[in-house]
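Worksheet: the structure to be examined is printed underneath.
In this chain, numbering begins with 1 at the start of the sequence shown.
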Amino acid sequence: MGVFDTNFARHVKCQGHLVTFMFAMKPAQLRATTVTAPDAVKFRKPKISDGVRLWEIARDSKVLDLNSSYSYVLWCRDFAATSVVSDVDSRAVGFVTGYTRQDSPTTFFVWQVAVDADQRGKGLAGRMLNELLDRLTPQGITHLETTISPDNEASIALFTALARTRGTDIRKTDLFAPDDFPDSHEAEELYTVGPAAVRASERNTQYMTDKTETTEKPDVFETIESGVRSYSRQWPAVFKTAKNSTLTDENGRDYLDFFGGAGALNYGHNNQIMQDALVDYITSDGITHGLDMSTVAKREFLESFKKNILEPRGLDYKVQFPGPTGTNAVEAALKLARKVTGRESIINFTNAFHGMTLGALAVTGNSMKRAGAGIPLVHSTPMPYDNYFGGVTEDFQWFERVLDDSGSGFNRPAAVIVETIQGEGGINVARPEWLRALSDLCSRRDILLIVDDVQMGCGRTGQFFSFEDSGITPDIVTLSKSIGGYGMPMALTLFKPELDVWGPGEHNGTFRGFNPGFVTSKVAIDHYWSDDKFEKEILAKGEHIRDRFIALCAKYDGVSTRGRGMVQALVFEDAEQAGKVAKLAYDEHLLVETAGPKDEVVKLLPPLTTTIEELDRGLDILEAATAKVCS
């Protein structure tokens, strides 16, 4: 079964009849949304005179293989009682049809659903299915069946939503394997909507209502929010509450979070000690918006940051509040480096990611994100990251050579910007000796070294700063994401005092002084970073994940692991396998994302406060998913 939309069709011999199975490819067209003018749509049984018109609807899908118009005329005569046609202005714009199974008279099999081009995306398919079931239920129909190919997420979402709307279960059973067909055809799985299975089966059966169903989104997500959204596409649940390492959707289902707000939730969701401090601050009418005015909350944050973070590490940095996001911090760092040195060019590295505003994007490697700029991204030069050539090329050989060669056409840069671990780039971990060599090169050449610690800072690798393990002291450091503690928007640009050449107001931003972020950040620093206990816990958990991954990778060819601290990854030589593992994990209510230039990496960023028991539960899910994909 499927929707006659921009789809594809397959034909199967079934009980002596040629049955066409169509599968929708656009989730937005399957939502149970409201038609623009609902009163204008009328539902009725088909008439023989509808046959040609309904054939035209299917024909206009272009990509579908069709039976002749005669078959549709005949269908309108013989299947009218088990079909629904939708009319707008007395013109047929869609239909759903099927038949009652002879061997199971309480089961209805959905054969075809078709929607005219100008009515797509309005939830008509779901409305017609509900209309048909409303008519059939009084006749004793208790179950609905259809077949869907395993990778057709859209049709799965449609029938899962139908089951949820009607307050019943959905059940999946293997039905046809590819070698059951004489031509090229994907596997087909039987989906049954109803309170119980229609018939016993010895095939592999998976109950889905408590596992893989997605929470249907209200119309507003599809009709109002921009198509630029991404995470909601891979995790279509509608989330309502969260605590520690668990997210809960609006239907009460829990999801274990190994995504951690892309690194913004190192201390978990709604961390209790931060929540208590934040509520107290808000209810006492503490300052919320302060620009760069002096406030008590900012003073207490700066005092705690100096005492617990900078001084124990022997770091002498000025603190700039550039705005609420990581890309704000990067833009300020690049701008300052150019101002200090009087030079324009910035050296960045392959597979780097530094942000989505133009300056940060210019030093980002991802081609898709760079293309979105719409203009040339200039004044930056990419260099190979550590191990980019697999160790066959000497580190910085080319960089040193062009700096020395007056004929290279290469101008001495203002700065080098680097991530010690490339998160979005695929969890590429720079060796401490490579970072030290880079730092030494910059020092000898009078080039400023910027470390982007937006995602890997605030304890992600164990130490508060990710560069501590290498023993280097960058000239400039960018922080954001978890620096706000509670998921609050906050960013810092740190730099050596001699680089503080800004004039008053020369670089500013309306939301650079978000005081609730100062409050929760101070609590996080005071509670977690006043000694080394938390750091040791992070390192131990990271080793636990790594040990599990090493054992897992030993079982399968083409799977490896890399990472440091509590940023760990499974790397798949076949990039498609990473996406399949991530999807299977979501089906089991575990949130993980993919990363890398080909999305070949399953990336783990669980909150640092995640318990060992929660880690093992999530790792068990990933092991099972990897076994299913790679076996």
Side-chain angles (χ1 to χ4, degrees), residues 206-208 210-212 234-235 237 239 241-249 252-272 421 423 427 429 456 458-462 482 528 533-556 559-572 577-595 601-631:
Q206 175 186 5
Y207 283 92
M208 299 180 63
D210 293 329
K211 295 168 71 175
T212 65
Q234 65 193 55
W235 304 323
F239 297 106
T241 62
K243 192 69 176 177
N244 300 328
S245 297
T246 301
L247 284 155
T248 304
D249 72 17
R253 289 178 290 265
D254 291 339
Y255 296 75
L256 185 57
D257 186 5
F258 277 17
F259 170 65
L265 294 166
N266 282 7
Y267 311 104
H269 296 269
N270 288 301
N271 184 291
Q272 195 62 52
I421 300 174
I427 315 303
V429 182
M456 296 303 158
C458 302
R460 176 54 57 183
T461 62
S482 283
Y528 292 103
K533 179 182 177 182
F534 190 52
E535 176 181 327
K536 291 178 179 177
E537 291 176 358
I538 297 167
L539 293 172
K541 291 175 185 177
E543 284 300 310
H544 182 76
I545 299 170
R546 182 167 177 78
D547 288 346
R548 291 280 307 260
F549 274 1
I550 289 172
L552 174 62
C553 294
K555 299 178 182 179
Y556 306 103
V559 185
S560 60
T561 185
R562 57 182 180 239
R564 183 156 66 90
M566 284 186 71
V567 51
Q568 298 288 339
L570 286 174
V571 186
F572 294 83
Q577 291 181 332
K580 291 177 180 178
V581 168
K583 182 184 182 303
L584 288 172
Y586 175 74
D587 290 345
E588 297 294 334
H589 293 189
L590 172 69
L591 303 185
V592 292
E593 69 167 334
T594 56
V601 173
V602 174
K603 170 185 176 185
L604 270 62
L605 288 174
L608 306 180
T609 53
T610 304
T611 66
I612 289 292
E613 291 76 18
E614 289 170 327
L615 288 175
D616 280 334
R617 179 155 53 93
L619 294 171
D620 287 345
I621 292 171
L622 285 174
E623 285 189 10
T626 302
K628 184 172 183 179
V629 169
C630 297
S631 296

### Task
Starting at CD of Gln577, measure out to CG of Leu584 and round the result to the nearest 0.5 Å.
11.5 Å

### Query
In Å, rounded to the nearest 0.5 Å, how long is the span from CD1 of Ile538 to OG1 of Thr461?
8.0 Å

Tell me, please, which residues at least two apart from [X] pass side-chain contact (heavy atoms from CB on, under 4.5 Å).
| X | result |
| --- | --- |
| Glu593 | Tyr231, Gln234, Trp235, Phe259, Glu424, Lys603 |
| Ala264 | Lys481 |
| Asp254 | Thr246, Thr248 |
| Lys536 | Asp532 |

### Summary
Which of Thr594, Val581, Val601 passes side chain to side chain contact (heavy atoms under 4.5 Å, CB included) with Phe572? It is Val581

Looking at every heavy atom in both [X] and [Y], which two are closest together, and how far apart are they?
| X | Y | answer |
| --- | --- | --- |
| Ala625 | Ala585 | CB-N, 4.5 Å |
| Met566 | Arg460 | O-NH1, 2.7 Å |
| Asn270 | Ala242 | ND2-O, 2.8 Å |
| Cys458 | Tyr267 | O-OH, 4.0 Å |

### Message
For a quick check under 3.5 Å, do His269 and Asn244 share a side-chain donor-acceptor pair by atom type?
### Response
no

#### Entry: Qualifying residues under side chain to side chain donor-acceptor pair (under 3.5 Å), relative to Ser245, sequence neighbours excluded
Thr610

### Those residues that, when tested against Thr611, pass side chain to side chain donor-acceptor pair (under 3.5 Å) (two or more places apart)
Glu614

### Task
Let me know which of Phe239, Tyr255, Phe258 forms a ring-ring contact (aromatic ring centres under 6.0 Å, His included) with His589.
Tyr255

When you compare the side chain of [Y] with that of [X], does any pair of heavy atoms fall below 4.5 Å?
| X | Y | answer |
| --- | --- | --- |
| Leu591 | Leu256 | no |
| Ile545 | Leu604 | yes |
| Leu615 | Pro606 | yes |
| Val559 | Cys630 | yes |
| Leu265 | Ser482 | no |

State which residues pass salt bridge (charged side-chain N to carboxylate O under 4.0 Å, His left out) with [X]; sequence neighbours excluded, sorted by chain then number.
| X | result |
| --- | --- |
| Lys555 | none |
| Lys541 | none |
| Asp620 | Arg548 |

### Task
Please collect all side-chain hydrogen bond (donor to acceptor under 3.5 Å, both in side chains) contacts where either partner lies in residues 560-569, sequence neighbours excluded, each pair once.
Asn428-Arg562

### Partners passing ring-ring contact (aromatic ring centres under 6.0 Å, His included) against Phe534 (at least two apart in sequence or in another chain)
Tyr528, Trp529

#### Entry: Full working for side-chain contact (heavy atoms from CB on, under 4.5 Å) between Tyr556 and Val629
CA-CA 10 Å; Tyr556 306 103; Val629 169; over 6 Å; no

